[in-house]
Amino acid sequence: MRKYQQLALLLISCFSVGVLMMYKSENNRLKYVLKYVNFFGRNDAAVLRRIQNSTTAEDEERHSKWVFTKPLPVWQVIGDSFYAYSAYWKQKELVVGGEAHVIVVGKKGAVVDFRCSFDVGGRSVQGKFRFQRDAAEGVVDDKASTFTNYNFFCQVSRNFGQPKYVSFSDATSPFKRQVKLHLRYLKPAKTVAKTTQTTAAVPAGPTLTEVPVRFPATICVDLVSFDVGSRFARNVDAMVQFFLFHQALGVQHFLVYNYDELPEQVVRLLERTKMHLYSLPFNFPFLQTNGTTARIRQLLQTDCLLRNVNYASFTMLLTPNELVYPNARFADNSGKNSLQRNLRAYESDTVRFELSTFAVCFDERRKLLIDNVQYDPELKSKVLLYRLELPAAQLLLPTAKGVELPLSSGFAHRYVECQQVGADGLHDWRTGVREEMMEHITQLRNEVDLLI
């Protein structure tokens, strides 16, 4: 009996030793793997932080892609003689309710009679309709155009939540149908920011929070009224310089109306930079002529202001042959010499700054646009810089306060073909510019020269 017990103990001992050796071998393999992966060590935390950093960058990039284009504006029929381009929702702050603001054009002389409602969480809420003709009506191109600019409004006096769509139906049409327009919200922009948070599992690293921010400045690029067949438009270097000069001033975001007119070669060159181009279609439903340019510019200006309010500190509507030269950059790393700081000398209700504009003769033989120095004093135009600190409704008022900036604060160039010069001849624009301003412009020129 004792022999059998000894044999059993021997077998158990051999089996235990075998299992121990097997586990030892597996343990050595695991240590070998952990030596390089270091799953529980410092390197893994670094990997997790890199993953979080990558996620943050992806979120920021995704945010920048749609911040100005969602929902995408497009002219669509809302009645027998009316077309809507874009719709904006403004939640009232001091009282309950809100209002939708829609940019509309209609056939000249057509009767305006609409009903409106909102789509709030799948249910329809009736609104109160009203309209206004554009403030510029009656003073620009009244005889040349076949259309009228309108601002349609749909208002509710109770808080039903944030609507996604506003609908309009034309009471004069024999076909009673509602047309939905996707709303863009007039609210502070949200972007992804990095904060530091420490947990037991993961050391301090960035997390994602939403904070309201404003871009220093944006530029709305008008390719609708711009002559895309001009010598300037066919010059790739000149077109690229428009974007590079303004990027040197601190502008990284360009909202391009009629984006498809931008030459493909220009787009490919700009893709190498860090600037953001936003494509905004403009399939205008009426015939465009030289006589309707001012009216169409007014439509673009209205959409540009509404699209940028609460999203940027400054904005302006420019054609590619217009360059602005303020005495400071829109964004300055130190914050001591930014344009926003310099313009604080003006009252807070001043929203429009008019820049003296020189009609500079465009010479393709010049390497940089700033090297063109001759201008025609008889060609008059103006460039407006908007400060977006007041509510949208006040920015659009024809009585909105504006000032004309002195040359020491900034000016603009509009590059033209000087084929028929006035009796006064050509002048040199540099003669009226102060030395410190010229030094600032020269610095910008040198920065762009390195990029060309």
- Task: Check Q374 against D428 and note the closest heavy-atom contact, atom names and distance.
- Result: OE1-N, 4.3 Å

- Query: Can you check whether D237's main-chain N or O pairs, donor with acceptor, with N235's side chain at less than 3.5 Å?
  - Reply: yes

- Task: Compare all side-chain heavy atoms of L299 with those of W75 and state whether any distance is below 4.5 angstrom.
- Result: yes

- Item | Nearest-0.5 Å distance, CG of residue L255 to OG of residue S279 | 10.0 Å

- Item | side chain to side chain contact (heavy atoms under 4.5 Å, CB included) partners of T350, counting only residues at least two apart | Y346, E347, F353, R387, K401, V403

- Is F314 close to P216 at the side-chain level, that is, under 4.5 Å between some pair of heavy atoms? no

- Note on the structure: In short, side chain to side chain donor-acceptor pair (under 3.5 Å) pairs touching residues 255-264 with sequence neighbours left out are Y257-D303, E264-R268

- Taking the six-membered ring for Trp, are W429 and F411 ring centroids under 6.0 Å apart? yes

- Note on the structure: Minimal heavy-atom distance between A392 and L186, with the atoms involved, is CB-CD1, 4.1 Å

- Hey, are the side chains of L368 and Q241 touching, using non-hydrogen atoms and a 4.5 Å cut-off? yes

- Query: Counting N and O atoms only, with roles assigned by atom type, does the side chain of T302 sit under 3.5 Å from a partner on the main chain of Q298, one being a donor and the other an acceptor?
  - Reply: yes

- Task: Enter the distance from L244:CG to L249:CG here, rounded to the nearest 0.5 Å.
- Result: 11.5 Å

- Message: Under a 3.5 Å distance rule, please check whether N159 uses its side chain to pair with a backbone N or O of G97 as donor and acceptor.
- Response: yes

- Message: Ignoring hydrogens, what is the shortest heavy-atom contact between L426 and C418? Give both atom names and the distance.
- Response: CD2-SG, 4.5 Å

- Message: Testing the basics here: between S81 and A110, what is the closest heavy-atom pair and its distance to 0.1 Å?
- Response: CB-CB, 3.8 Å

- Go through the steps for Y150 and F114 under the test ring pair (Phe, Tyr, Trp, His ring centres under 6.0 Å), then give the verdict. CA-CA 13 Å; Y150 295 95; F114 281 83; 9.1 Å; no

- Task: Kindly indicate whether the side chain of L262, heavy atoms from C-beta on, has any atom under 4.5 Å from the side chain of M239.
- Result: yes

- Task: Would you sort out whether Y386 and R352 count as a side-chain contact (heavy atoms from CB on, under 4.5 Å), showing the intermediate values?
- Result: CA-CA 5 Å; Y386 283 87; R352 189 169 57 238; 3.5 Å; yes

- Between R307 and Y88, do the side chains contain an N or O donor and an N or O acceptor separated by less than 3.5 Å? yes

- Is the NZ or CZ atom of R184 positioned over Y311's six-membered ring, under 6.0 angstrom from the centre and within 45° of the axis? yes

- Task: Check whether the ring centres of H253 and F215 lie less than 6.0 Å apart, and answer yes or no.
- Result: yes

- Could you walk me through whether N372 and Y415 pass side-chain contact (heavy atoms from CB on, under 4.5 Å), step by step? CA-CA 9 Å; N372 295 279; Y415 295 94; 4.2 Å; yes

- Note on the structure: Rounded to the nearest 0.5 Å, the CD atom of Q155 sits from the CD atom of E99 at a distance of 5.0 Å

- Message: How long is the straight-line distance from CG of N321 back to CG of L369, given to the nearest 0.5 Å?
- Response: 9.5 Å

- Query: According to the interplanar angle, ranging from 0 to 90°, do the rings of H101 and F153 count as parallel (below 30°), tilted (30 to 60°) or perpendicular (above 60°)?
  - Reply: tilted

- Item | Side-chain donor or acceptor of K380 paired with backbone N/O of P377 under 3.5 Å | yes

- If you round to the nearest 0.5 Å, how far is CG of L388 from SG of C304? 8.0 Å

- Mark yes when over 12 heavy atoms from residues, nucleotides or ligands other than K92 sit less than 6.0 Å from its NZ; otherwise mark no. yes

- Message: Less than 4.5 Å apart, side chain to side chain, heavy atoms only: is that true for D222 and L318?
- Response: no

- Query: If you round to the nearest 0.5 Å, how far is SG of C361 from NE2 of H413?
  - Reply: 11.0 Å

- SB check R231 E364 (cutoff 4.0 Å): yes

- F168 vs F129 aromatic rings, parallel, tilted or perpendicular, using cut-offs 30° and 60°? perpendicular

- Decide whether Q252 and Q247 meet the rule of one side-chain donor and one side-chain acceptor closer than 3.5 Å. yes

- Item | Check: H276 ring centroid to F254 ring centroid under 6.0 Å | no

- Item | Pairs flagged by side chain to side chain donor-acceptor pair (under 3.5 Å) wherever residues 440-449 is involved - sequence neighbours left out | R329-E447, K367-D449, D371-R445

- Item | Main-chain N/O of R295 paired to N149 side chain as donor or acceptor, under 3.5 Å | yes

- Message: Whether the N310 and R214 side chains hold a donor-acceptor pair (N or O, under 3.5 Å, no angle test) is what I'd like checked.
- Response: yes

- Query: With side chains defined as the heavy atoms from C-beta onward, is the minimum distance between W89 and K164 less than 4.5 Å?
  - Reply: no

- Task: Please report the C-alpha distance between F242 and V221 in whole Å, then the side-chain angles of each, then the deciding distance to 0.1 Å, and finally whether the side-chain contact (heavy atoms from CB on, under 4.5 Å) criterion is met.
- Result: CA-CA 10 Å; F242 166 82; V221 185; 3.8 Å; yes

- Are T315 and T218 linked by a side-chain donor-acceptor pair shorter than 3.5 Å? yes

- Message: Within the structure provided, determine whether E322 and V383 are in side-chain contact (heavy-atom separation under 4.5 Å).
- Response: yes

- Test item: T357 side-chain N/O and L355 main-chain N/O as donor-acceptor pair under 3.5 Å: yes

- Query: Looking only at heavy atoms, what is the nearest atom pair of Y83 and I78, with distance?
  - Reply: N-CG1, 4.2 Å

- Query: Is R130 atom CZ crowded by more than 12 heavy atoms from other residues, nucleotides or ligands, each under 6.0 Å away?
  - Reply: yes

- Nearest non-hydrogen partners of L223 and V228, listed with the distance: O-CG1, 4.5 Å

- Message: Do K108 and F147 form a cation-pi contact, if we require the NZ or CZ to be under 6.0 Å from the six-membered ring centre and within 45 degrees of the ring's axis?
- Response: no

- F245/L451 under side-chain contact (heavy atoms from CB on, under 4.5 Å): CA gap, chis, key distance, verdict: CA-CA 10 Å; F245 262 105; L451 299 174; over 6 Å; no

- Message: Donor-acceptor check, side chain of D170 to backbone of D80, threshold 3.5 angstrom: yes or no?
- Response: yes

- Message: Between K176 and R115, is there a side-chain heavy-atom distance shorter than 4.5 Å?
- Response: no

